[in-house]
Structures are given as structure tokens and as C-alpha cells.
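A short worksheet on the structure shown next.
The structure displayed is predicted, hence computed values, not measured ones. Position 1 is the first residue of the sequence; numbering continues from there.
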Amino acid sequence: MQNNAMILTKQENGVLTITLNRPDKLNSFNDEMHQQLSEALKIAEREDTVRCLVITGSGRGFCAGQDLNDRNVSIGTETPDLGYSVETFYNPLIRRLIALPKPIICSVNGVAAGAGAAIALAGDIVIAAKNANFIQSFCRLGLVPDSGGSWFLPQLAGHARAMGMALLGDKISAEQALQWGMIWQVTESDALASTVNTLAQHLATQPTYGLGLIKKAIYSAATNTLDEQLDLECDLQRLGGRSEDYREGVDAFLNKREPKFKGR
């Protein structure tokens, strides 16, 4: 494991694990942590040996969003430009996660609040420990859900639930999030790491290029018309059909053997 202070990285068997590492602050973000995470994501983006990304937190929290101690709101001081932080750090982070042509598992080991909840929901597959919870805490500060929070919530949970979460700021348990369709799976706390690792190891052996095309198709469906989506499916299927993995998959099926995908 490589220790970059606020961000830990570990690469093994095709899986890159990024751990948010400010446990005393519930892994809340400051500018330096954003910069270190940005560097760690370059490994997932550039290294062909990485075929699945896992994001988790150290200690008892996944991520509590922005570190408010990093904001000076004292009387007489200049009002902070929160839009700068969103534009410079959070928005690029979410865009990179969505655009990554590899599967992302978010392993939610504890509280995911504010932008931390949005980062968790940006995972392609979200697995949470039973003791985890999701909080849209912006309303308690007079702010708006950011980092894609106002997009993910209605997409995943529906309009009424999104409004309730955003306007009230109540804690949503992992079990409730599962029932509402916000996440994929809930596990016992002591089984979270092994559950995520098993799934990550599986995804790392799959046709990664095709999985990236699936991500693009599903995210595009949120804004496409049916006709636009049908055209996109055609284009993506054409790309998938030209991949080495498709050829390998068909050959393995016809010859009744296990495929050996290379992710290209």
C-alpha cells in the first residue's frame, strides 16, 4: 500500500483501492486531500493493469463531505466562494468517476454525508455496511446538494424521496437506502471488506472495455430520448463487437471453456 497521507492506494490483481484517509475528520475534504485524490485517480485512468476501482474510507466514516474547519466564516471576513470549490474540485471529481471506463465499487464503511454521500452514489456498485448512513446535510447550512447530489438523488430514489432527503437532512440508514434503490447491497460491518474484495476481483477478470461501454449507455439514458438511446446502443454495440474481449468471449462459449478477458 502506498501512503500519501490523506489518500492511501493499493493495487492488487487488477484492483486499485483508494482509501480516503482523514479518519479523525471522518475523511472530510480539504484542498490538499482533493489534490492527492486527483493524483490517485490518474492511476485508474492511465494504467491498463487497473480493471476495477474501489473507493472506501478509513476509520468509522466513509466521507463527511467538506471539512468546515477549512472555511472561514467569521464576522468581518470575506465571504468564501463555495462555487470555486465546487467548480475546481468536486465537479471534476464526479465527472472523472462517471467517465472512467472501468467499474467502480464504493465501499461505504460508515457515514456518507454531504458531498461524501454524492461521491458514494457516484459508484457504479455501492455496497454499504449495516452501520453506514447517508445524509444530505446541506439544508442545515443553507446550502444546496452539490457534487451531483441533486442529480443522483431523484435518479436513484425518486422525486419525493429526493426532496425529503434534501429539505430535511435526515439520516437514511443503509437498509433504507437499499430499499429505496440507492445502493446495491448491505453487509454486516465485519463482512464489508471481504464482500467488496470478492466482487472487485470478479469484475477485474471481466471484459472491462465492454463494462465501460455499459456505464456510458446507462448514464446517457438519464437524458436521452428513446430514439437517441437506441442509436447510442447501436454505436456502442458496434464498438463492443470489435473488441478482443468479444472475440474471446464467443470463442470460449463455443468451445465450452472459461474466457480469459484482457479488458480490451
Q | Single-linkage hydrophobic cluster I98~L16, side-chain heavy atoms < 4.5 angstrom | A | yes
Q: List the steps and the verdict of side chain to side chain donor-acceptor pair (under 3.5 Å) for Q35 and E39.
A: CA-CA 6 Å; Q35 292 162 0; E39 288 300 310; over 6 Å; no
(Q) Testing the basics here: between A177 and I172, what is the closest heavy-atom pair and its distance to 0.1 Å? (A) N-CG2, 3.8 Å
Q) Do NZ/NE/NH1/NH2 and the carboxylate oxygens of E233 and K216 come within less than 4.0 Å? A) no
Q) Between CZ of R242 and OH of Y209, what distance do you get to the nearest 0.5 Å? A) 9.0 Å
Q. Who else is in L254's hydrophobic cluster (ILVMFWY, side-chain heavy atoms under 4.5 Å, direct or via others)?
A. Y246, V250, F253
(Q) Please list all pairs meeting salt bridge (charged side-chain N to carboxylate O under 4.0 Å, His left out) that have one or both residues in residues 108-130, counting only residues at least two apart or in different chains. (A) D124-K215, K130-E188
Q.
Can you confirm whether more than 12 heavy atoms, excluding those of Q179, are under 6.0 Å from its CD atom?
A. yes
Q. Taking all atoms of both residues into account, what is the closest heavy-atom pair of A118 and I94, and its distance?
A. O-CD1, 4.4 Å
Q) Does a donor on one side chain sit under 3.5 Å from an acceptor on the other, for S58 and N21? A) yes
**Q.** Ion pair check, E258 and K260, cut-off under 4.0 Å
**A.** no
Q: Report the hydrophobic cluster partners of I218, with the cluster defined as I, L, V, M, F, W, Y residues connected by side-chain heavy atoms closer than 4.5 angstrom, directly or transitively.
A: V15, V54, I105, I125, I127, W184, L192, V196, L199, L203, L211, I214
Q.
To the closest 0.5 Å, what do you measure between OG1 (T198) and CD (Q201)?
A. 8.0 Å
Q) Quick one: NZ on K171 to CG on N133, what's the gap to the nearest 0.5 Å? A) 5.0 Å
(Q) Minimum heavy-atom separation for L53 and L97, please, with both atom names. (A) CD2-CD2, 4.5 Å
Q) Where do V108 and A120 come nearest, in terms of heavy atoms and distance? A) CG2-CB, 3.9 Å
Q | Close side-chain approach of Q229 to S220, heavy-atom, < 4.5 Å | A | yes
Q: Output all residues satisfying side chain to side chain donor-acceptor pair (under 3.5 Å) with D48, sequence neighbours left out; order by chain, then residue number.
A: none
Q. Which heavy-atom pair separates P103 from T208 by the least distance, and what is that distance?
A. CD-CG2, 4.1 Å
(Q) Starting from V111, can I reach M182 by hopping between I/L/V/M/F/W/Y residues whose side chains sit under 4.5 Å apart? (A) no
Q: Check whether any side-chain N or O of D245 sits under 3.5 Å from a backbone N or O of F261 as a donor-acceptor pair, and report yes or no.
A: no
Q.
Looking at G240, is its backbone amide N or carbonyl O close enough to the side chain of S243 to form a donor-acceptor pair, meaning the two atoms are under 3.5 Å apart?
A. yes
For residues 137-163, tabulate all N or O donor-acceptor pairs below 3.5 Å that involve a side-chain atom, not counting sequence neighbours.
unit_1, atom_1, unit_2, atom_2, d
R140, NH2, G169, O, 2.6

**Q.** Residue pair S28 / Q66, side-chain donor-acceptor N/O under 3.5 Å
**A.** no
Q. Can you tell me if R22 uses its side chain to pair, donor with acceptor, with the backbone of N27 under 3.5 Å?
A. no
Q: For K102 and V50, work out which heavy atoms get closest and say how close.
A: NZ-O, 2.9 Å
(Q) Quick check on E228: does its CD atom have over 12 non-hydrogen neighbours (other residues, nucleotides or ligands) under 6.0 Å away? (A) yes
**Q.** Cluster link I183 to I55, ILVMFWY, side chain under 4.5 Å
**A.** yes
(Q) Tell me if a side-chain donor or acceptor on Q36 pairs with a main-chain N or O of M6 at a distance below 3.5 Å. (A) yes
Q) Should the heavy atoms of other residues, nucleotides or ligands under 6.0 Å from CZ of R257 be counted, would the total exceed 12? A) yes
Q.
Side-chain heavy atoms nearer than 4.5 Å, only ILVMFWY residues, links allowed to pass through others: does that put F62 and L26 together?
A. no
Q | Straight-line distance of C234 SG to L239 CG, nearest 0.5 Å | A | 10.0 Å
Q | Salt-bridge present (R247, E244; N to O < 4.0 Å) | A | no
Q. Below 4.5 Å, heavy atoms only, C-beta onward: do D67 and F29 meet side chain to side chain?
A. no
Q) Could you state the interatomic distance from NZ (K262) to OG1 (T205), rounded to the nearest 0.5 Å? A) 14.5 Å
Q: Hey, can you tell me if F89 and H34 have their rings parallel, tilted or perpendicular (30° and 60° cut-offs)?
A: parallel
Q.
Return the CD to CZ distance between Q176 and F134, rounded to the nearest 0.5 Å.
A. 11.5 Å
Q: Using atom types as modelled and distance alone, determine if a side-chain donor or acceptor of T56 lies under 3.5 Å from a backbone N or O of S107.
A: yes
Q) Going through the checks in order, is the side chain to side chain donor-acceptor pair (under 3.5 Å) test met by Q185 and T195? A) CA-CA 10 Å; Q185 186 178 356; T195 300; 5.1 Å; no
Q: Could you list the residues that satisfy salt bridge (Lys or Arg N to Asp or Glu O under 4.0 Å) with E45, not counting sequence neighbours?
A: R96
